Amino acid sequence: MKEDKQLLVLTHLSQLLDFVTGIGGFIVPLVLWITKKDEIHGMDENGKAILNFRISMFIYILICIPLILLLGLGILGLIAIGFSYLIFPIMNAIKVSNNEEPNYPFSMKIIK
């Protein structure tokens with residue numbers, strides 16, 4: 001296995017494609033993880049962390065939608081999720097470039 005820190009950083013930053021394409025932020029990390037998890041050192045752990053974060057945030061969005069009717073609490077949740085989509089990929093890309101493990105808070109362990 002070879003080490004490619006740049007590809008790991010790009011995998012984290014590729015989540016930001018959601019702001020441009022809508023769903024590219026899920027598809028690109030998924031494809032990179034599936035194709036490179038056996039070739040790049042650390043890709044398996046980073047890919048699982050990214051996908052668990054993305055799936056968890058999708059579940060939280062589904063929970064926030066009915067909460068919009070309940071005093072508008074869902075809107076606050078959606079705003080918090082939007083900031084999470086922007087901040088955590090950048091923070092974890094920086095962590096990976098510094099040889100630290102990624103940490104996505106509020107992420108459920110769906111893919112083990």
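Keep in mind the model is a prediction, meaning the values are calculated, not measured. Computed from heavy atoms alone, side chains included, the values below leave out hydrogens, waters and symmetry copies.
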Scan the side chains in residues 56-83 for donor-acceptor partners under 3.5 Å anywhere in the protein, sequence neighbours excluded, and list what turns up.
unit_1, atom_1, unit_2, atom_2, d
Ser56, OG, Asn52, O, 2.7
Ser56, OG, Met108, N, 2.7
Tyr60, OH, Phe106, O, 2.8

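- We find the CD-CG distance between Glu3 and Asn99 to be 6.0 Å, quoted to the nearest 0.5 Å.
- The CG atom of Asn92 sits 11.5 Å away from the CD1 atom of Ile87 when rounded to the nearest 0.5 Å.
- The structure places CG of Asn46 at 11.5 Å from NZ of Lys95, a figure rounded to the nearest 0.5 Å.
- Ile34 and Leu10 fall into different hydrophobic clusters, where Ile, Leu, Val, Met, Phe, Trp and Tyr residues are linked whenever their side-chain heavy atoms come under 4.5 Å apart, directly or through other members.
- A distance of 7.5 Å separates CE of Met43 from CG of Asp4, quoted to the nearest 0.5 Å.
- Of the candidates Asp44, Thr11, Ile50, Trp33 forms a side chain to side chain contact (heavy atoms under 4.5 Å, CB included) with just one, namely Asp44.
- In this structure Val9 satisfies the side chain to side chain contact (heavy atoms under 4.5 Å, CB included) test together with Leu13, Ala93, Val96, Ser97, sequence neighbours excluded.
- Between Leu51 and Phe26, the closest side-chain pair of non-hydrogen atoms falls below 4.5 Å.
- With values rounded to the nearest 0.5 angstrom, Leu7 atom CG is found 5.5 Å from Ile40 atom CD1.
- Using a 4.0 Å cut-off between charged side-chain N and carboxylate O, Glu45 and Lys48 make no salt bridge.
- Among pairs with a residue in residues 100-112, those fulfilling side chain to side chain donor-acceptor pair (under 3.5 Å) read His12-Tyr104, Gln15-Tyr104, at least two apart in sequence or across chains.
- Contact detail for Leu86 and Leu16: the closest heavy-atom pair is O-CD2, 4.0 Å.
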